[in-house]
A.B. asks: 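Below you'll find the structure I mean.
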Amino acid sequence: MAEELDYEALPSDTSTGVNMLAGALAGITEHAVMFPIDSIKTRMQVFATSPAAVYTGIGNAFTRISSTEGMRALWRGVSSVILGAGPAHAVHFGMYEAMKELAGGNAAGNQWLATSLAGASATIASDALMNPFDVIKQRMQVHQSEFRSVFTALRVVYRTEGLAAFYVSYPTTLTMSVPFTAVQFTVYEHMKKLLNPSGDYSPITHMIAGGMAGGVAAGVTTPLDVAKTLLQTRGSSHDSEIRRVGGMLDALRIIWRRDGIRGFGRGMSPRVLTHMPSNALCWLSYEFFKVAIREQS
């Protein structure tokens, strides 16, 4: 029983290296498990010119993609996520724990301002590393993608569109991810303390708190995610207006003009469905790996 209590009673000064490695393993686990739903989300957010790439919902998309393109199509691009998610999540969690300690987030009580600041700082650092991998991932996910290899996609996108193609969506990513992460970490920390105020061993607490935090944050930030997808897949589009889109405001104007308010909710259901279980798994994995690694050291 003493070992179980140690799970939640980790000291606040756990090393940055432990936090980073735990975060890397958690990130890879999270993204790999939920990748097919993420692929459906990308397909639903893109303004497709082909009727074959227009989907009415998650079930419709899953059935049509798997029957016409095969199940492997739903996993196309997962290698890019695995390559980027490990380092990005290591930076994310390492920065989060370091900033939370620096800002006083480990003090008694609900330190929501400190955890929000720590979460936002973690996102700025990790997204700078992850953005190019996310661009390649979505280029491989779209309907009739020409790419089957991460390195081929990397080479072709760089040669035809330049380095800017990998960061054209970075301002949008930050605009979306900073509030997403601030909401996620704040809801997570609040729910964790609410559900388990004694701090006893309770993996179910991490799952419930993480899932709720992910769902709320994903729903709130979906409009910006639609704009990000439009920017990241512009080079694969056959639509001349989309190929010329220059930034977040440009993307938001196109979405509004073509689809109205409904356009800002494109892909919301798979996005929330992806983030709820993936966040639950991510936080559960993170807390588990943090303990496991610490016990080995």
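These values consider heavy atoms only, across backbone and side chains, with no hydrogens, waters or symmetry-generated copies.
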A.B. asks: Distance-only, no hydrogens or angles: does the Arg234 side chain make a donor-acceptor pair with backbone N or O of Val245 under 3.5 Å?
C.D. replies: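 Yes; at least one donor-acceptor contact below 3.5 Å.
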A.B. asks: Roughly how far, to the nearest 0.5 Å, is the CZ atom of Phe166 from the CG atom of Asn131?
C.D. replies: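 If we round to the nearest 0.5 Å, Asn131:CG and Phe166:CZ are 10.5 Å apart.
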A.B. asks: Is Ser145 close to Val142 at the side-chain level, that is, under 4.5 Å between some pair of heavy atoms?
C.D. replies: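 Of all side-chain heavy-atom pairs linking Ser145 with Val142, at least one is under 4.5 Å.
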A.B. asks: For the hydrophobic clusters of this structure (ILVMFWY residues joined by side-chain heavy atoms under 4.5 Å, transitively), does one cluster hold both Met268 and Trp256?
C.D. replies: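 Unlinked, Met268 and Trp256 end up in two clusters.
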A.B. asks: May I ask whether Val157 and Leu154 are part of the same hydrophobic cluster, defined by side-chain heavy atoms of I, L, V, M, F, W, Y residues being less than 4.5 angstrom apart, directly or through others?
C.D. replies: yes
A.B. asks: Applying side chain to side chain contact (heavy atoms under 4.5 Å, CB included) to Phe62 and Ile37, what does each step give before you reach the verdict?
C.D. replies: CA-CA 8 Å; Phe62 183 85; Ile37 305 298; 5.9 Å; no
A.B. asks: Should the pair Glu69-Arg64 be classified as a salt bridge under the 4.0 Å nitrogen-to-oxygen rule?
C.D. replies: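 The answer is no: the pair does not qualify as a salt bridge.
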A.B. asks: Would the number of heavy atoms belonging to other residues, nucleotides or ligands and lying under 6.0 Å from CZ of Phe264 be above 12?
C.D. replies: yes
A.B. asks: Test your reading of the model: is there a side-chain donor-acceptor pair from Thr152 to the backbone of Arg148, 3.5 Å cut-off?
C.D. replies: no
A.B. asks: So if you build clusters from Ile, Leu, Val, Met, Phe, Trp, Tyr with side-chain heavy-atom gaps below 4.5 Å, do Leu224 and Val216 land together?
C.D. replies: no
A.B. asks: Closer than 3.5 angstrom, by distance alone: can the side chain of Thr63 be matched with the main-chain N or O of Asn60 as a donor-acceptor pair?
C.D. replies: no
A.B. asks: When rounded to the nearest 0.5 angstrom, what is the spacing between NZ in Lys228 and OG1 in Thr221?
C.D. replies: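 Output value for this atom pair is 9.5 Å.
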A.B. asks: Looking only at heavy atoms, what is the nearest atom pair of Gly210 and Asn279, with distance?
C.D. replies: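 Minimum heavy-atom contact is O-CB, 3.2 Å.
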A.B. asks: Could you check whether Thr173 and Asp127, counting side-chain N and O atoms only, form a donor-acceptor pair closer than 3.5 Å?
C.D. replies: no
A.B. asks: For the residue pair Gln141 and Trp75, confirm or rule out a side-chain donor-acceptor distance under 3.5 Å.
C.D. replies: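 No pair is found: no donor N or O on one side chain lies under 3.5 Å from an acceptor on the other.
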A.B. asks: Look only at the side chain of Ser126 and the backbone of His92, and say whether a donor-acceptor pair between them is shorter than 3.5 Å.
C.D. replies: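 No, the answer is negative, given that no donor and acceptor are paired below the 3.5 Å cut-off.
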A.B. asks: Do side-chain atoms of Arg271 reach the backbone of Asp38 as a donor and acceptor pair under 3.5 angstrom?
C.D. replies: no
A.B. asks: State yes or no: do Val272 and Ile261 share one hydrophobic cluster built from I, L, V, M, F, W and Y residues joined by side-chain heavy-atom distances below 4.5 Å, directly or via other members?
C.D. replies: no
A.B. asks: So Asp239 and Arg258, salt bridge (Lys or Arg N to Asp or Glu O under 4.0 Å) or not? Walk me through it.
C.D. replies: CA-CA 13 Å; Asp239 186 313; Arg258 295 191 178 194; 2.8 Å; yes
A.B. asks: Do Ser237 side-chain atoms and Thr233 backbone N/O form a donor-acceptor pair below 3.5 Å?
C.D. replies: no
A.B. asks: Would you call Arg243 and Glu161 a salt bridge, taking side-chain N to carboxylate O under 4.0 Å as the test?
C.D. replies: no
A.B. asks: Give me the atom names and distance for the closest heavy-atom approach of Ala125 to Val91.
C.D. replies: CB-CG1, 3.7 Å
A.B. asks: Scan side-chain atoms only and decide if Gln138 and Thr229 contain a donor-acceptor pair under the 3.5 Å cut-off.
C.D. replies: yes
A.B. asks: How long is the straight-line distance from OG1 of Thr42 back to CE of Met140, given to the nearest 0.5 Å?
C.D. replies: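 Answer for the CE-OG1 pair, Met140 versus Thr42, is 12.5 Å.
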A.B. asks: Could you go through Met176 and Val220, starting from their C-alpha distance and side-chain angles, then the distance that decides it, and tell me whether this counts as side chain to side chain contact (heavy atoms under 4.5 Å, CB included)?
C.D. replies: CA-CA 9 Å; Met176 174 185 70; Val220 167; over 6 Å; no
A.B. asks: Would you say the side chains of Tyr55 and Arg43 form a donor-acceptor pair under 3.5 Å?
C.D. replies: yes
A.B. asks: To the closest 0.5 Å, what do you measure between CD1 (Ile208) and CE (Met276)?
C.D. replies: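 Reported to 0.5 Å precision, the distance equals 10.5 Å.
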A.B. asks: Check Arg266 with Asp225, please: is the shortest side-chain N to carboxylate O separation under 4.0 Å?
C.D. replies: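 Salt bridge flag = no for Arg266 with Asp225.
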A.B. asks: Donor-acceptor check, side chain of Asp134 to backbone of Met130, threshold 3.5 angstrom: yes or no?
C.D. replies: no
A.B. asks: Determine whether Tyr158 and Leu163 satisfy the following criterion, side chain to side chain contact (heavy atoms under 4.5 Å, CB included), listing intermediate values before the conclusion.
C.D. replies: CA-CA 6 Å; Tyr158 178 74; Leu163 184 63; 4.2 Å; yes
A.B. asks: To the nearest 0.5 Å, how far apart are OG in Ser236 and CD1 in Ile242?
C.D. replies: 11.0 Å
A.B. asks: Let me see the working for Lys100 and Glu189 under side chain to side chain contact (heavy atoms under 4.5 Å, CB included), right down to the final yes or no.
C.D. replies: CA-CA 11 Å; Lys100 187 171 76 167; Glu189 294 287 351; 3.4 Å; yes
A.B. asks: Ignoring hydrogens and angles, state whether a donor on the side chain of Arg139 or Ser80 is under 3.5 Å from an acceptor on the partner side chain.
C.D. replies: no
A.B. asks: For Gly246 and Val168, work out which heavy atoms get closest and say how close.
C.D. replies: O-CG2, 4.1 Å
A.B. asks: Measure across Leu273 and Pro277 and return the closest heavy-atom pair with its distance rounded to 0.1 Å.
C.D. replies: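 Residues Leu273 and Pro277, closest heavy atoms: O-CD, 2.7 Å.
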A.B. asks: Is there a path of hydrophobic side-chain contacts, each under 4.5 Å between heavy atoms of I, L, V, M, F, W or Y residues, that connects Leu252 with Phe180?
C.D. replies: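 No, no single cluster joins them.
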A.B. asks: Are side-chain heavy atoms of Ile136 and Phe147 found at a separation under 4.5 Å?
C.D. replies: no
A.B. asks: Using 30° and 60° as the class boundaries, would you call the ring planes of Trp283 and Tyr96 parallel, tilted or perpendicular?
C.D. replies: perpendicular
A.B. asks: Nearest 0.5 Å, please: how far is NZ in Lys137 from OG in Ser39?
C.D. replies: 7.5 Å
A.B. asks: Does OH in Tyr167 sit with more than 12 non-hydrogen atoms of other residues, nucleotides or ligands closer than 6.0 Å?
C.D. replies: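 For Tyr167, atom OH is crowded (more than 12 foreign heavy atoms under 6.0 Å).
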A.B. asks: Return the minimal non-hydrogen interatomic distance between His143 and Ala52, and the atom names on each side.
C.D. replies: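 Heavy-atom minimum between the residues: NE2-CB, 4.1 Å.
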A.B. asks: Which pair of heavy atoms, one from Ala114 and one from Ala103, lies closest together, and at what distance?
C.D. replies: CB-O, 3.6 Å
A.B. asks: In terms of heavy-atom contacts, does CE of Met212 have more than 12 from other residues, nucleotides or ligands at under 6.0 Å?
C.D. replies: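 Count not over threshold, so no.
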